[in-house]
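Here the structure comes first, spelled out in structure tokens, and everything after it is commentary.
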Amino acid sequence: MRLRVLDLFSCAGGAAMGYHRVGFAVDGCDIVDRPRYPFAYHRGDALEYLADLITSGDIERYGLVHASPPCQAGCTLTVGTNASQGWGASHVDLVAATRVLLQASGLPYVMEQPNGRAEIRKDLRLCGEMFGLGVLRHRNFELGRWATAQPAHPPHRGYVRGHRHGVHRNGPYVAAYGNGGGKATVPEMQRAMGITWTDVREELTEAIPPDYTQWIGHAFLTARQEVFA
């Protein structure tokens with residue numbers, strides 16, 4: 001039987017596609033419609049959905065849970081921009097609440113956040129350069145009930161293209177967030193991250209490249225085989 005992964009806060013399925021490539025069956029859940037999500041999908045509050053699955057026992061259908069809760073409250077870009085501009089907008093932080101339910105599920109889990117102030121364990125840190133991608137997109141992952149070694153982080157090959165602090169630089173990576181200032185176009189983001197099934201800018205700017213979870217999924221299956229060997 002194929003292992004099934006529950007993909008919470010799924011957005012358009014960047015994480016999901018990586019697990020799929022390793023051989024997982026994938027079920028997604030997000031608060032808004034995601035018609036381009038390429039796998040089975042439930043629209044609803046991710047934490048309420050997870051709590052219902054735990055209560056009903058249906059969580060036993062899954063072998064792994066992946067969660068990418070909203071990150072704006074702790075994201076380096078958001079925090080830094082707010083501070084520099086004197087903005088005080090508040091953002092929801094669901095990391096702690098997500099962790100409580102992930103632990104209650106009794107399953108191995110992966111929780112993802114960008115670099116910044118998000119209070120997660122940085123059990124694993126991945127970067128686009130590890131996979132030869134056209135984005136850097138550093139992401140941290142907390143691993144629950146399983147572990148794997150941190151892969152080597154190769155040196156970056158140059159700058160991220162665009163304007164920053166009044167200076168324009170060229171480089172091998174594109175800025176897959178925001179608009180203006182030399183930020184990537186939608187086709188550039190698609191090529192840089194290997195995401196072809198959505199052309200919605202908001203979905204692309206929030207996505208993680210499938211290569212990340214393809215690597216994680218393979219590492220999880222390897223760790224699982226070692227446990228049962």
Side-chain angles (χ1 to χ4, degrees), residues 2-30 34 36-42 46 49-50 61-71 75 94-95 98-99 102 105 107-115 118 120-154 176-177 189-198 200 203-226:
R2 297 171 68 192
L3 277 180
R4 185 171 293 274
V5 60
L6 176 61
D7 178 24
L8 298 173
F9 309 98
S10 61
C11 196
M17 184 59 73
Y19 290 114
H20 165 75
R21 290 175 181 172
V22 183
F24 284 88
V26 185
D27 294 337
C29 177
D30 201 277
R34 300 291 185 185
R36 296 165 184 79
Y37 189 81
F39 307 107
Y41 181 78
H42 172 84
Y49 188 54
L50 178 56
R61 298 200 306 262
Y62 299 97
L64 178 69
V65 183
H66 177 102
S68 297
C71 62
C75 175
L94 297 179
V95 169
T98 301
R99 180 185 294 107
L102 290 173
S105 75
L107 293 177
Y109 69 80
V110 177
M111 182 161 56
E112 174 261 329
Q113 289 285 280
N115 275 349
I120 68 166
R121 292 194 316 274
K122 297 177 175 63
D123 298 321
L124 184 64
R125 188 186 189 217
L126 298 180
C127 164
E129 182 58 30
M130 295 175 176
F131 308 99
L133 299 179
V135 290
L136 292 180
R137 190 140 288 194
H138 294 101
R139 289 298 183 267
N140 299 307
F141 300 87
E142 177 176 313
L143 309 180
R145 294 188 175 84
W146 73 286
T148 190
Q150 168 68 43
H153 188 167
Y177 56 87
M189 286 191 284
Q190 289 176 310
R191 289 192 298 271
M193 292 190 288
I195 296 176
T196 59
W197 58 92
T198 180
V200 177
E203 292 181 343
L204 289 164
T205 59
E206 293 185 2
I208 63 173
D211 282 359
Y212 290 20
T213 44
Q214 183 173 342
W215 189 96
I216 290 171
H218 183 269
F220 174 76
L221 293 176
T222 301
R224 187 172 179 269
Q225 289 171 353
E226 291 173 352

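Count residues from 1 along the sequence.
Here Arg99 contributes atom CZ and Leu94 contributes atom CG; the two are 12.0 Å apart, rounded to the nearest 0.5 Å. Going from atom CG of Leu143 over to atom CD1 of Ile216 covers 7.0 Å, rounded to the nearest 0.5 Å. Here CG of Leu124 is found 13.0 Å from CZ of Arg139. Values are rounded to the nearest 0.5 Å. Between Ser68 atom OG and Met111 atom CE the span is 10.0 Å, to the nearest 0.5 Å. Rounded to the nearest 0.5 angstrom, His218 NE2 and Thr213 OG1 are separated by 13.5 Å.
With contacts defined as side-chain heavy-atom distances shorter than 4.5 Å, the pair Pro151/Leu126 qualifies. Counting heavy atoms from C-beta on, the side chains of Val65 and Val110 never come closer than 4.5 Å. Side-chain atoms of Leu107 and Leu64, non-hydrogen and from C-beta on, never get closer than 4.5 Å to each other. Contact annotation: the side chain of Leu3 approaches that of Arg224 to within less than 4.5 Å [non-hydrogen atoms, C-beta and beyond]. Contact check for Trp146 versus Asp123: no side-chain heavy atoms found under the 4.5 Å cut-off. No side-chain heavy atom of Asn140 sits less than 4.5 Å from a side-chain heavy atom of Glu112.
Of all heavy-atom pairs between Leu133 and Ala192, the closest is CB-O, 3.5 Å. The heavy-atom pair separating Pro210 from Gly194 by the smallest distance is CG-O, 3.9 Å. The two atoms that bring Thr198 and Arg36 nearest to each other are OG1-CD, 3.2 Å, heavy atoms only. The two residues Gly63 and Phe220 have their closest heavy-atom pair at O-CZ, 3.7 Å. Among all heavy-atom pairs drawn from Ala223 and Ala147, the shortest one is CB-O, 3.9 Å. Minimum heavy-atom separation, Pro209 to Met193: CB-O, 3.7 Å.
Using a 30° and 60° split on the angle between ring planes, His153 and His138 fall in the tilted class, from 30° to 60°.
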Walk me through whether Gln214 and Asp211 qualify under side-chain contact (heavy atoms from CB on, under 4.5 Å). CA-CA 5 Å; Gln214 183 173 342; Asp211 282 359; 4.1 Å; yes
I'd like to know whether Met189 forms a side-chain contact (heavy atoms from CB on, under 4.5 Å) with Ile195, so could you lay out the CA-CA distance, the side-chain angles of the two residues, the decisive distance to 0.1 Å, and finally the verdict. CA-CA 8 Å; Met189 286 191 284; Ile195 296 176; over 6 Å; no
Take Gln150 and Arg125 through the side-chain contact (heavy atoms from CB on, under 4.5 Å) test and state the conclusion after the steps. CA-CA 7 Å; Gln150 168 68 43; Arg125 188 186 189 217; 4.0 Å; yes
Derivation of the side-chain contact (heavy atoms from CB on, under 4.5 Å) call for Glu203 and Arg34: CA-CA 9 Å; Glu203 292 181 343; Arg34 300 291 185 185; 3.2 Å; yes
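Taking the side chain to side chain donor-acceptor pair (under 3.5 Å) definition, one finds that Glu129 meets it with Arg157, Tyr173, sequence neighbours left out. Considering only residues two or more places apart in sequence or on other chains, Thr196 meets the side-chain contact (heavy atoms from CB on, under 4.5 Å) condition with none of them. Contacts of Tyr41 classified as side chain to side chain donor-acceptor pair (under 3.5 Å), with partners at least two apart in sequence or in another chain: none. Qualifying side-chain contact (heavy atoms from CB on, under 4.5 Å) partners for Arg191, counting only residues two or more places apart in sequence or in other chains: Pro187, Glu188.
Screening residues 3-18 for salt bridge (Lys or Arg N to Asp or Glu O under 4.0 Å) gives Arg4-Asp27 as the qualifying pairs, with residues at least two apart or on separate chains.
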Could you list the donor-acceptor pairs under 3.5 angstrom formed by side chains in residues 8-26, with sequence neighbours left out?
from: Ser10; atom 1: OG; to: Cys29; atom 2: O; distance (Å): 3.4
from: Tyr19; atom 1: OH; to: His66; atom 2: ND1; distance (Å): 2.9

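Of the possible polar contacts, one joining the Tyr212 side chain to the Gly128 backbone as a donor-acceptor pair under 3.5 Å is found. The backbone N or O of Ile208 sits nowhere less than 3.5 Å from a side-chain atom of Arg137 that would complete a donor-acceptor pair.
The closest side-chain donor-acceptor pair between Glu142 and Tyr109 falls under 3.5 angstrom.
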